[in-house]
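First comes the structure, then the notes that go with it.
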Amino acid sequence: MLVRDAMSSVVLTIGPTHTLRQAARLMSARCVGSAIVLDPDTSGLGILTERDVLNSLGAGQDPDHEPAHAHTTSDVVFAAPQWTLDEAARAMSHGGFRHLIVLDAGDPVGVVSVRDIIRCWTGARRPAPALAG
């Protein structure tokens with residue numbers, strides 16, 4: 001099975017000046033655990049994960065004033081859609097992270113997480129998104 005089969009094509013992108021609260025709201029609304037941070041000044045991609053937000057809160061920082069760029073991982077390992085799930089899992093294990101941005105022709109087309117890989121390996125279904133009530 002390949003990364004393209006497991007990845008989520010719901011790609012949340014935010015800017016570096018979004019606050020952590022704004023990022024958390026957007027991630028929650030889209031039921032995703034990460035956001036791709038696009039910085040037009042550096043032409044680079046970074047990733048902000050739920051763990052980054054949690055670490056900031058645990059450190060007592062104010063999510064209404066903390067900018068995403070201060071918590072973004074910019075030394076990102078990218079996956080290709082044609083990678084095998086074994087290759088993606090190995091990259092995650094080696095790097096100690098749980099999300100990979102998937103690039104196709106240099107553009108972000110998805111994100112694959114440890115959870116996505118486990119679902120594929122176990123044949124588990126992806127849960128339906130919760131409806132806002």
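Atoms considered below: every heavy atom in the structure, side chains included; atoms not considered: hydrogens, waters and symmetry mates. Here the structure is a predicted model, which is why all the values come from computation and not from measurement.
- Between W121 and D116, every side-chain heavy-atom pair lies at or beyond the 4.5 Å cut-off.
- Atom CZ of R51 and atom OG of S34 lie 13.0 Å apart (nearest 0.5 Å).
- Sorted by first and then second residue, the salt bridge (charged side-chain N to carboxylate O under 4.0 Å, His left out) pairs involving residues 67-77 (not counting sequence neighbours) form an empty list.
- With sequence neighbours excluded, the residues that form a side chain to side chain contact (heavy atoms under 4.5 Å, CB included) with A70 are E66, P67.
- With values rounded to the nearest 0.5 angstrom, D39 atom CG is found 9.0 Å from T17 atom OG1.
- From S113, atom OG reaches atom CD of E50 across 9.0 Å, with rounding to the nearest 0.5 Å.
- For N55, there are no side-chain hydrogen bond (donor to acceptor under 3.5 Å, both in side chains) partners at least two apart in sequence or on another chain.
- Summarising the geometry, atom CZ belonging to F78 is positioned 9.0 Å from atom CD1 belonging to I47; distances are rounded to the nearest 0.5 Å.
- Judged as a side chain to side chain contact (heavy atoms under 4.5 Å, CB included), and not counting sequence neighbours, the contacts of T13 are V11, I36, L38.
- The shortest heavy-atom contact between G15 and A68 is O-CB, 4.0 Å.
- Residues that satisfy the side-chain hydrogen bond (donor to acceptor under 3.5 Å, both in side chains) test with D64, not counting sequence neighbours, are R21.
- Residues satisfying the side-chain hydrogen bond (donor to acceptor under 3.5 Å, both in side chains) criterion with T73, sequence neighbours excluded, are absent altogether.
- Between V3 and P81 the shortest side-chain heavy-atom distance does not fall below 4.5 Å.
- Qualifying side-chain hydrogen bond (donor to acceptor under 3.5 Å, both in side chains) partners for T72, counting only residues two or more places apart in sequence or in other chains: none.
- Taking each heavy atom of S56 and Q61 in turn, the nearest pair found is OG-OE1, 2.6 Å.
- Side-chain atoms of H65 never come within 3.5 Å of backbone atoms of D62 as a donor-acceptor pair (strictly under, hydrogens ignored).
- Under a 4.5 Å side-chain heavy-atom cut-off, the cluster of Ile, Leu, Val, Met, Phe, Trp and Tyr residues that includes V10 is completed by L12, I14, L20, L26, M27, V32, V37, L48, V53, L57.
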Side-chain donor-acceptor pairs under 3.5 Å in residues 87-105, sequence neighbours left out?
residue	atom	partner	partner atom	Å
E87	OE1	T84	N	2.7
E87	OE1	T84	OG1	3.4

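- Linking ILVMFWY side-chain heavy atoms closer than 4.5 Å, directly or via other members, places L2 and W83 in two distinct hydrophobic clusters.
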